[in-house]
Amino acid sequence: MQLPPSLTLASAGAALTALQQSAATGAGKVLSIDASTLQNFDTAALAVLLQARRLAQASGQVLQVSGAPPQLAQLATLYGVAELLDLAR
């Protein structure tokens, strides 16, 4: 799944819907999320990624986030969830 360039509280609902569809139709042992286009985000982005982790775990998958911008990793560290999302740097 590709995250949108902007992921804020206003757009989190649509992102969660897309995530749930992607997780439901995805095959394999990895739920892959590409964050490389993410430019504008707030803590809602972390909420979406944490939900992705929960969905992955519920279906026996592993969450893999690629291309996360450094600011997202910093925000995850600030909120204490960087290791949960494998964003620790």
Side-chain angles (χ1 to χ4, degrees):
M1 173 187 166
Q2 174 84 43
L3 291 181
S6 180
L7 183 49
T8 62
L9 183 58
S11 61
L16 283 171
T17 299
L19 169 66
Q20 290 169 335
Q21 291 173 347
S22 178
T25 59
K29 297 184 184 267
V30 177
L31 176 56
S32 181
I33 296 184
D34 182 355
S36 63
T37 62
L38 195 58
Q39 297 173 3
N40 179 38
F41 56 88
D42 60 18
T43 56
L46 294 179
V48 168
L49 291 174
L50 288 168
Q51 179 62 18
R53 182 176 185 267
R54 286 188 286 272
L55 289 171
Q57 286 181 326
S59 62
Q61 295 177 311
V62 174
L63 176 65
Q64 180 181 38
V65 180
S66 62
Q71 297 89 345
L72 182 62
Q74 291 170 352
L75 188 62
T77 299
L78 179 67
Y79 279 85
V81 297
E83 288 187 21
L84 288 174
L85 299 172
D86 199 21
L87 296 176
R89 296 182 189 218

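What you are looking at is a predicted structure, and each value in this text was computed from that prediction instead of being measured. Just so it is clear, the values below take in all heavy atoms, side chains as well, and ignore hydrogens, waters and symmetry mates.
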**OP:** Would you please test V30 and Q64 for side-chain contact (heavy atoms from CB on, under 4.5 Å) and show each step?
**Re:** CA-CA 7 Å; V30 177; Q64 180 181 38; 3.6 Å; yes
Subject >> Single-linkage hydrophobic cluster L84~V62, side-chain heavy atoms < 4.5 angstrom >> reply: no
Subject >> Verdict with reasoning, L55 to Q20, per side-chain contact (heavy atoms from CB on, under 4.5 Å) >> reply: CA-CA 8 Å; L55 289 171; Q20 290 169 335; 3.9 Å; yes
**OP:** Not counting sequence neighbours, which residues clear side chain to side chain contact (heavy atoms under 4.5 Å, CB included) with Q71? List them please.
**Re:** F41, P69, Q74
Original post:
Side chains of L7 and V48: does their closest heavy-atom pair fall under 4.5 Å?
Top reply: yes
Original post:
Under 3.5 Å, is there a donor-acceptor pair between the side chain of T77 and the main chain of A73?
Top reply: yes
Original post:
Would a 4.5 Å heavy-atom cut-off, applied to side chains only, mark M1 and L19 as touching?
Top reply: yes
Original post:
Looking at L31 and A52, what are the two nearest heavy atoms and their distance?
Top reply: CD2-O, 3.5 Å
Original post:
Minimum heavy-atom separation for D34 to Q2, with atom names?
Top reply: OD2-OE1, 3.0 Å
**OP:** Would you list the pairs meeting side chain to side chain donor-acceptor pair (under 3.5 Å) in which at least one residue belongs to residues 40-53, sequence neighbours left out?
**Re:** S6-N40, Q51-R54
Original post:
Are any non-hydrogen side-chain atoms of L46 and L72 less than 4.5 angstrom apart?
Top reply: yes
Subject >> Single-linkage hydrophobic cluster, 4.5 Å side-chain cutoff, L9 and Y79 together >> reply: no
**OP:** For residues D86 and V65, determine if any side-chain heavy atom of one lies less than 4.5 Å from a side-chain heavy atom of the other.
**Re:** no
Original post:
Shortest non-hydrogen contact from A44 to A12?
Top reply: CB-CB, 4.0 Å
